[in-house]
Amino acid sequence: MDLSRRLKPNHLKLIDEIAKKQKLQLAAEALSISQPAASRMLADIETNMGTPLFVRHPRWMELTQAGQAVLRHVRVVLWELETLEAEVESIAGGRSGVVRVGAVTGPAVGCLMPALRKVKDESPDIETTIEVGPSVQLVRGLREGRLDFIIARLTPEQDSSEFHVYPARSERVTLLVRDTHPLAGVPDLPLEAVAGYEWVIQERGSPIRQAVEAAFLEAGTPVPANVSNSSSLLIVLSIIAQADVISPQAEEVAEILTGSALGARLVALQMACDMTVSPYFVLSNRSQQLPRASERVLKEVLKRL
């Protein structure tokens, strides 16, 4: 007996309804079918089962022992189908599912996290995975399908035609120090004033490092020589807490670190000139359809650009 091919969801629902209502007519009405159609359907089910599932009394129907066994399994299958339908509808509507995104540090803080927070507040069942790293690493993750979309920079050798490219935004650099630094609170600082201090800064080739060095070179001021290299924010915070060290950070990151909520006792130096990093883009893979939940997050990110 190959029940998996012969029994359909309507067959299972009919068995369940007859067991609940104990009358074929009431079960038929619940399923919006005629009583003769329900009678034929039940006869087909019992034929396929090879045994009666109900005892027919003059005014009601009673499950046989075999019917009781079938009903237990029927209700499990119906519950699974209802759960599957609800889950698929939730995923299709973007109310659940997995969102896998990546960003360089500044827009991760300034754009991505607020967007994710809003979507998560509306749909707590969405599971999010967030990768923060350099653009080269993020683009690789997008190409490999590990990330749904990213906020990153494209290098000249990367082919932008592979991606959907959304509007860019430039990133400003802020110089952070501890609140007891000799230059804290001094207005309109020229680059000459900060060049002689110790710096902790991202490795050579990083966008922020390039922006800082370019600002010094354009001003004709020697680039700081006393430098420690680290892209780890934890290392940066540890060094700043112990000495009068200057650390350049994306403006969005600096706003969080200097805010009262963290109590980090950091301040931003008041520079006379701006330092601007090359623009970043929102990128998604042209060859892949975004999951509905990721589409929702992407729309929220684009509102914040």
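The shown structure was predicted, so the numbers you read here are calculated from the model rather than taken from an experiment.
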Identify the heavy atoms of [X] and [Y] that sit nearest to each other, and give their distance.
X	Y	result
Ser34	Ala28	O-CB, 3.8 Å
Ala152	Leu138	CB-CD1, 4.1 Å
Asp148	Leu142	O-CD1, 3.6 Å
Val212	Pro248	CG2-CB, 3.8 Å

Rounded to the nearest 0.5 Å, how far apart are [atom1] of [X] and [atom2] of [Y]?
X	Y	atom1	atom2	result
Leu112	Ile130	CG	CD1	6.0 Å
Ile239	Ser228	CD1	OG	5.0 Å
Leu189	Met271	CG	CE	5.5 Å
Asn10	Ile15	CG	CD1	11.5 Å
Phe149	Leu302	CZ	CG	8.0 Å

Decide yes or no for [X] and [Y]: does some side-chain heavy atom of the first lie under 4.5 Å from some side-chain heavy atom of the second?
X	Y	answer
Met113	Ile256	no
Leu191	Met275	yes
Arg169	Cys111	yes
Val98	Pro291	no
Val177	Leu183	no
Arg153	Ser278	yes
His181	Val267	no
Leu237	Leu257	yes

Query raised in the report: Out of curiosity, does Ile201 fall in the hydrophobic cluster containing Ile235 (side-chain heavy atoms, cut-off under 4.5 Å, transitive links)?
Result: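 In one cluster with Ile235: Ile201, no.
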Requested in this report: Would you kindly confirm whether Val76 and Ile45 end up in one hydrophobic cluster when ILVMFWY residues are joined by side chain heavy atoms under 4.5 Å apart?
Outcome: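 Val76 and Ile45: separate clusters.
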Quick check: are there more than 12 heavy atoms from other residues, nucleotides or ligands sitting under 6.0 Å from [atom1] of [X]?
X	atom1	value
Lys120	NZ	yes
Glu144	CD	yes
Arg265	CZ	no
Lys21	NZ	yes

Query raised in the report: Can you check side chain to side chain contact (heavy atoms under 4.5 Å, CB included) on Ser135 and Gln158, steps first, answer last?
Result: CA-CA 11 Å; Ser135 293; Gln158 290 169 333; over 6 Å; no
Looking at [X] and [Y], would you say the former's side chain and the latter's main chain have a donor-acceptor pair under 3.5 Å?
X	Y	result
Arg304	Glu300	yes
Ser123	Ile126	no
Thr64	Pro52	yes
Arg172	Ser170	no
Arg100	Gly145	yes
Arg286	Phe163	yes
Asn48	Asp44	yes
His11	Lys8	yes

Report task. Before giving the answer on side-chain hydrogen bond (donor to acceptor under 3.5 Å, both in side chains), spell out for Gln289 and Glu295 the whole-Å C-alpha distance, their side-chain angles and the decisive distance to 0.1 Å. Result -> CA-CA 9 Å; Gln289 175 67 40; Glu295 285 184 353; 3.0 Å; yes
Query raised in the report: Are the charged groups of Glu213 and Arg209 less than 4.0 angstrom apart, N to O?
Result: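 Salt bridge present between Glu213 and Arg209.
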Query raised in the report: Between Arg296 and Glu122, does at least one N-O distance fall below 4.0 Å, as a salt bridge requires?
Result: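 A salt bridge links Arg296 with Glu122.
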Report task. For Asn285 and Ser287, test the side chains for any donor-to-acceptor distance below 3.5 angstrom and give the result as yes or no. Result ->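 Ser287 and Asn285 do have a side-chain donor-acceptor pair below 3.5 Å.
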Report task. May I ask you to check whether Gln242 and Ser238 show a side-chain donor-acceptor distance below 3.5 Å? Result ->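 A pair is found: one side chain offers a donor N or O, the other an acceptor, under 3.5 Å apart.
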Query raised in the report: Do the ring planes of His164 and Tyr166 sit parallel (below 30°), tilted (30 to 60°) or perpendicular (above 60°)?
Result: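 Aromatic pair His164/Tyr166 classed tilted.
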Requested in this report: Look at the rings of Phe216 and Trp199 and say which category their plane angle falls in: under 30° parallel, 30 to 60° tilted, over 60° perpendicular.
Outcome: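 It falls in the perpendicular class, over 60°.
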Requested in this report: Carefully, step by step, assess Ser161 and Asp159 under the rule side-chain hydrogen bond (donor to acceptor under 3.5 Å, both in side chains).
Outcome: CA-CA 5 Å; Ser161 65; Asp159 184 3; 2.7 Å; yes
